[in-house]
There are 2 protein chains.
Amino acid sequence: MVKPDSNVTIIDVAREAGVSNSTVSRVVNNSELVKPETREKVLNAMMRLGYVVNQQARSLRGGRSQVVGVLVPDVGNSYIGEIIRGIDAELAANQYDLLLYTTHRRKTKESTHVATITRGLADGLLLLLPTNVQAYMESLQAQQFPHVLIDYQAVDNKWTSTIQSTNWQGAYDATQYLIELGHRRIGYVVGLREMQCSLDRLAGYRAALADYAIPFDPALVYYGDFYLPEGYDATTTLLQASPPPTAIFAANDLSALGVMEAIRSHGLSIPNDISVIGFDDIPDAAQFHPSLTTVRQPLEDMGRLAVRTLLKRLANPDLHGERVELPTELIVRNSCKSVNHK
Amino acid sequence: MVKPDSNVTIIDVAREAGVSNSTVSRVVNNSELVKPETREKVLNAMMRLGYVVNQQARSLRGGRSQVVGVLVPDVGNSYIGEIIRGIDAELAANQYDLLLYTTHRRKTKESTHVATITRGLADGLLLLLPTNVQAYMESLQAQQFPHVLIDYQAVDNKWTSTIQSTNWQGAYDATQYLIELGHRRIGYVVGLREMQCSLDRLAGYRAALADYAIPFDPALVYYGDFYLPEGYDATTTLLQASPPPTAIFAANDLSALGVMEAIRSHGLSIPNDISVIGFDDIPDAAQFHPSLTTVRQPLEDMGRLAVRTLLKRLANPDLHGERVELPTELIVRNSCKSVNHK
DNA sequence: GTAAATTTTGGCAACGTTACCAAAAAGAGT
DNA sequence: ACTCTTTTTGGTAACGTTGCCAAAATTTAC
């Protein structure tokens, strides 16, 4: 190959191969009927000149941009990282690129980003943990722009797809597990109360208590924000309840880490004095000390599935939205202990 | 605002405002001289129709796409996450978008991605921990496509910029710290040997040993891959040296975590039996148990600086590349102990 | 050998934007 | 009022691609 100099267009290739640009276009989108001999000629010319298609022009013309926009609250958080990893893998497998936007939980950012993305930049949109859906959902639906929500309460619209895990069941399982270990005073660190998943998990927790005839005590519930420091603060508060909890259920692993830190700094030991259970099963959870018993969300799978759902919509725009719930799974490690062995 | 229906073009706005599309274009790129009165009229029309610029068309025309491509080996790794966070923040502050590509350390992926990106998709390119630079560097330089390498050995070319931290010095400091705590047998878990930063850190380690007249023992050095399990395996091997190390220096925090796990599973305690020191200071490092003494790389700053350097190049294409080294800093926490107190 | 059917190819317009140049409007100077 | 500047606006041609339709080349049928 000669110098792959920047501005090699389809026209240059056409000239080099002695055919028309239409023919080159046909070869590039290798679907059409082109005489094998001609195709060979064009392919050679492309090779010689180092031709690479210009996606901008292609997508301007009305074709696909082969880009999917992904809106996430943050990066560098392993919960989100895992989902992105799944998205990325599945996207790459289908020759799509990934345009990443972070909102930092700023609502205005969400809507401006959505506007730009839908304006030709991307073929579809993946919304992870969105917080301001109403602001743009209408526009998204009006123009039938393909989109999938991840970890968001179901939107009642036939064009919107959502991917979730069984938050209620997961929280129920975790709580039940603690109860069966003999715990009766179980603290609960809620996540962001604006998020449906927080409420679902809280409901699961309450349901399990109810099923075992354990009274619900509001003093054992603390509303946090899913981040580590709030887990710490929550625990400091919860430990003042009387009687104090013998187990704490954190709405996600990150805040569970804060919980563990706080327990230690109160001179208590895990799991001997207090059991801790998390939610998510981020990769680090197994590396905590002690390793964290938690409810596993299939994060990577959720990302992959979201992409698959989106691509299905892309391939068939008439497809209605669907709502998928992936099962959670209780992962027992070393941060919980039977209360009787104390 | 009326329905922000998809296909509002500059021409629709022009018609609505009763001016020409050129004028609308001038208002959109609000730099030109437009009569304030006219500008107002256009702005109103834009508002009414819900106009959003089509980036594709704009960048096709030859302007800027306002997108920067970022090539990373992986996501969901906090080291990379932190750098991306910095990149993202700085990019957003300058109205740029972020096209993210993951290579998963697959060399072929790197070059194909670079080819697509440079072909109109993005205005500039950020390469994080690239492993196959020679494959595309020439083409990047030939077309003078603005790019910045993060955490890669200096490339001797006036058009390439690189951002790094003081790997040698950081490793020297860490080793010196251990030596001054009385350690003489210091194991070292190298990162990927293909990466210059691994070698730089190894050199810093050796230099410190030499300065204190401690013989270098190859049995105390293990070549890993920067990931957690290798840290575990490394430690298992290193502990068989005779005499075994009293401290282990891991080339990054993630493998330090593996080191800690391994030490514990051998029934030893940190830092009483063995001291552990890491490199990076990822956010989790402070949450390890015990909290990890480590060499802090200003990861987020590295990301920000890379973007700033790139944007400078974008603004002034004649600017030569520069090579910046950001200082590391020893963060003392609880994973190291003086050997005399044993 | 010619007409008809078929395959393969080329020409041209369009996607939405911006840059350039020329035209029109407004202001300044005599 | 009439030039001469200066400001402001409009027209038009690209950017690189693809889709449509028609033209040319090829094959098939009679």
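Chain naming here is simple, since letters A, B, ... match the order of the sequence lines and numbering starts at 1 in each. Note that these values count all heavy atoms, side chains included, but never hydrogens, waters or copies made by symmetry.
In this structure, Thr38(B) reaches the dT9(D) phosphate: one of its side-chain N or O atoms is under 4.0 Å from OP1 or OP2.
What separates CD of Glu40(B) from P of dT8(D) is a distance of 15 Å, to the nearest Å. Computed from coordinates, the Lys35(B) NZ to dA24(C) C1' distance equals 11 Å when rounded to whole Å. To the nearest angstrom, C1' of dT7(C) lies 14 Å from CZ of Arg39(A). Spacing between atom CZ of Arg15(A) and atom P of dG11(C) amounts to 13 Å, rounded to whole angstrom units.
In the displayed structure, Gln134(A) atom CD is contacted under 6.0 Å by more than 12 heavy atoms of other residues, nucleotides or ligands. Few gaps surround CD on Glu194(A); more than 12 heavy atoms of other groups in view lie less than 6.0 Å from it. Counting non-hydrogen atoms of other residues, nucleotides and ligands closer than 6.0 Å to CD of Gln144(A) gives a total above 12.
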Could you walk me through whether Gln143(A) and Thr118(A) satisfy the side chain to side chain contact (heavy atoms under 4.5 Å, CB included) test, starting with their C-alpha distance in whole Å, then the side-chain angles of each, then the deciding distance to 0.1 Å, before giving a yes or no? CA-CA 9 Å; Gln143(A) 49 184 118; Thr118(A) 57; 4.0 Å; yes

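Heavy atoms only, all atoms of each residue included: Pro130(B) and Tyr136(B) are closest at CB-OH, 3.5 Å.
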Can you build the contact string for nucleotides 15-23 of chain D? Use B for base contact, S for sugar-phosphate-only contact, and - for no protein heavy atom under 4.0 Å. BBBBB----

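No hydrogens or angles considered: a donor-acceptor pair under 3.5 Å links the side chains of Ser59(A) and Gln56(B).
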